[in-house]
Amino acid sequence: MAARGDEAGAELILIHVLEWAGRHARLLLLSGLLVIPFLPIPHAAFVPLLPLLIALLIGLALSRLDLASIMSDLTDPRYLPALIVGMALFQIGAALLLTGLGERAGFSSGTLLVLAAFCAAPVLNSAGNIALMLGYEARLALYWMLASNMLAPLFVPLALSASGIDLSVEPARIALRVAVILLGGIAIGVALRRILGPNRIAAQGKALDGLGALVMMAFLFPLMDGVREKAMAQPGLALWLALLALALNLGANLLIRALAARPFGQAKARTLGLVFGNRNIALMLAALPPDPTFSLFVAMAQIPIYASPIILRALDRPEPG
């Protein structure tokens with residue numbers, strides 16, 4: 001009996017800790033971004049954990065929604081053609097537009113590569129978690145995240161080719177990697193929902209927000225490998241890439257918000273802005289040739305991603321009456 005009491009007490013403490021993390025998720029993400037790159041630890045040791053962390057983020061978001069109905073909607077012939085057209089515009093159309101504008105502006109080849117890769121990238125895997133933190137339509141964010149990642153093996157090469165970027169990795173390899181991560185995330189989501197049950201998951205939403213924030217913080221450890229040294233060696237380049245990442249993320253977000261508000265309503269427009277601006281740019285490291293400028297951009301791109309919950313919460317604040 002004492003052992004059971006100890007287990008229950010430990011579980012209660014853990015839930016309280018996670019709920020605290022959920023209530024302060026936005027600040028935790030920002031503080032992790034500011035602290036983790038400077039910790040004196042071997043960040044490279046965490047690189048093999050990247051696929052697992054991505055799958056965990058997918059699973060945590062899926063566990064809070066009815067996966068069967070989501071998959072049914074995704075394959076519904078009434079919506080599927082519109083979704084595919086949307087994805088083509090979201091990746092291929094955006095890649096053509098931005099790289100074309102970049103060429104006219106006289107951007108360097110390294111910056112054009114960044115523009116093409118950003119547009120070609122599918123939706124960020126943690127978009128559903130961020131949507132849940134902000135009270136957005138998490139179901140819509142998951143639709144786009146799942147669909148864009150499932151279609152990544154087709155749309156990523158097409159978007160890069162349309163931009164004139166040559167792939168050094170076969171599309172089949174990209175397809176296999178994305179499929180394994182997605183299936184892992186779906187398995188985690190289904191397992192969590194069955195173990196905890198829908199009612200308990202709904203009651204412990206803040207604790208799951210906190211767990212999602214902690215996993216997102218852990219995601220920074222492998223991505224920040226060597227970033228401090230690169231930024232110190234080329235501070236001007238690091239600053240330019242950070243500003244470019246902010247412009248792409250927040251600029252795309254605000255543009256889509258403005259365009260989508262009238263036809264879809266403000267709630268859906270906010271969610272669409274979130275998914276359009278937050279891309280799974282880390283996935284592109286597997287699709288592109290090794291490039292120190294691009295790898296530094298991937299690290300800098302985490303700044304607007306991890307700051308977006310605070311930035312978007314400020315933007316969402318209603319105007320004083």
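The figures here come from the full heavy-atom set of this structure, side chains too, leaving out hydrogens, waters and symmetry mates. Just so you know, residue 1 is the first one in the sequence shown, and it goes up from there.
- When the salt bridge (charged side-chain N to carboxylate O under 4.0 Å, His left out) test is applied to Arg139, the partners found at least two apart in sequence or on another chain are Asp73.
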Donor-acceptor contacts, no H, no angles, side chain residues 253-264, under 3.5 Å, sequence neighbours left out:
from: Asn253; atom 1: OD1; to: Arg257; atom 2: NE; distance (Å): 3.3
from: Arg257; atom 1: NH1; to: Asp316; atom 2: OD1; distance (Å): 3.1
from: Arg257; atom 1: NH2; to: Tyr136; atom 2: OH; distance (Å): 2.8
from: Arg257; atom 1: NH2; to: Asp316; atom 2: OD1; distance (Å): 2.8

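- Linking ILVMFWY residues whenever their side-chain heavy atoms come closer than 4.5 Å, directly or via other members, places Ile84 and Met87 in the same cluster.
- A distance of 12.5 Å separates CG in Leu241 from CG in Leu246, rounded to the nearest 0.5 Å.
- Contact detail for Gly102 and Leu115: the closest heavy-atom pair is CA-CD1, 4.2 Å.
- Taking Thr293 as the reference, nothing meets the side-chain hydrogen bond (donor to acceptor under 3.5 Å, both in side chains) condition, with sequence neighbours excluded.
- Once rounded to the nearest 0.5 Å, the distance linking CG of Leu154 with CD of Gln91 reads 9.0 Å.
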| query | So Tyr306 and Leu220, side-chain contact (heavy atoms from CB on, under 4.5 Å) or not? Walk me through it. | reply | CA-CA 10 Å; Tyr306 281 73; Leu220 284 170; 3.7 Å; yes
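- When all heavy atoms of Phe90 and Ala121 are compared, the pair lying nearest together is CE2-O, 4.0 Å.
- A 4.5 Å side-chain heavy-atom check between Ile130 and Leu124 finds at least one atom pair inside the cut-off.
- The heavy-atom pair separating Gly277 from Ala252 by the smallest distance is CA-CB, 4.1 Å.
- The side-chain hydrogen bond (donor to acceptor under 3.5 Å, both in side chains) test applied to Arg279 returns no partner, not counting sequence neighbours.
- A search for side-chain hydrogen bond (donor to acceptor under 3.5 Å, both in side chains) contacts involving Ser108 returns Thr111, not counting sequence neighbours.
- Looking at heavy atoms from C-beta onward, Trp144 lies out of side-chain contact with Thr271 at the 4.5 angstrom threshold.
- Under the 4.5 Å side-chain contact rule for hydrophobic residues, Leu97 and Val85 do not share a cluster.
- In this structure, the side chain of Gln234 does not engage the main chain of Lys230 through any donor-acceptor pair within 3.5 Å.
- Under the side-chain contact (heavy atoms from CB on, under 4.5 Å) criterion, Ala117 pairs with Ile281, Met284, Leu288, Phe294, sequence neighbours left out.
- Once rounded to the nearest 0.5 Å, the distance linking CG of Leu30 with OG of Ser308 reads 10.0 Å.
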| said: side-chain contact (heavy atoms from CB on, under 4.5 Å), that's the test. Do Met224 and Leu33 meet it? Break it down for me. | reply: CA-CA 9 Å; Met224 293 300 160; Leu33 182 66; 4.2 Å; yes
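- In plain terms, the two heavy atoms of Leu57 and Ser126 that are nearest each other are CD1-CB, 3.8 Å.
- The shortest distance between side-chain heavy atoms of Phe297 and Leu113 does not fall below 4.5 Å.
- Rounding to the nearest 0.5 Å places OG of Ser163 at 8.5 Å from CD of Glu103.
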Using residues 188-205 as the side-chain source, report each donor-acceptor pair under 3.5 Å to any protein atom, sequence neighbours left out, with the distance given to one decimal.
from: Arg193; atom 1: NH1; to: Ser63; atom 2: O; distance (Å): 2.8
from: Arg200; atom 1: NH2; to: Glu11; atom 2: OE2; distance (Å): 2.2

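- Residue Leu239 belongs to a hydrophobic cluster whose other members are Leu243, with links defined by side-chain heavy atoms closer than 4.5 Å.
- By the 4.5 Å heavy-atom criterion applied to side chains, Ile13 and His16 are not counted as neighbours.
- Between Asn278 and Val123 there is no side-chain heavy-atom pair separated by less than 4.5 Å.
- Not counting sequence neighbours, Lys206 has no partner by the side-chain hydrogen bond (donor to acceptor under 3.5 Å, both in side chains) test.
- Atom CG of Leu142 and atom CD1 of Ile58 lie 9.0 Å apart (nearest 0.5 Å).
- By the 4.5 Å heavy-atom criterion applied to side chains, Leu208 and Asn129 are not counted as neighbours.
- By the salt bridge (charged side-chain N to carboxylate O under 4.0 Å, His left out) test, Glu137 pairs with Lys268, sequence neighbours left out.
- Ala159 and Ala95 make their closest contact through O-CB, 3.9 Å (heavy atoms, listed as atom of the first residue, atom of the second, distance).
- Taking every heavy atom of both residues into account, Thr99 and Leu112 meet most closely at O-CD2, 3.7 Å.
- Between Leu60 and Leu132, every side-chain heavy-atom pair lies at or beyond the 4.5 Å cut-off.
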Residues 211-219, side-chain donor-acceptor partners within the protein, below 3.5 Å, at least two apart:
none

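- A distance of 6.0 Å separates CG in Asn249 from CD1 in Ile305, rounded to the nearest 0.5 Å.
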Cut-off 3.5 Å, no hydrogens considered: what does the side-chain donor-acceptor table look like for residues 34-54, sequence neighbours left out?
from: His43; atom 1: ND1; to: Ile41; atom 2: O; distance (Å): 3.2
from: His43; atom 1: NE2; to: Ile36; atom 2: O; distance (Å): 2.9

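- Side-chain N or O atoms of Asn125 include none that pairs as donor or acceptor with a backbone N or O of Ala55 at under 3.5 Å.
- Cluster membership for Leu89 and Val156, using ILVMFWY side-chain heavy atoms within less than 4.5 angstrom, is not shared.
- Of the possible polar contacts, none joining the Ser161 side chain to the Leu158 backbone as a donor-acceptor pair under 3.5 Å is found.
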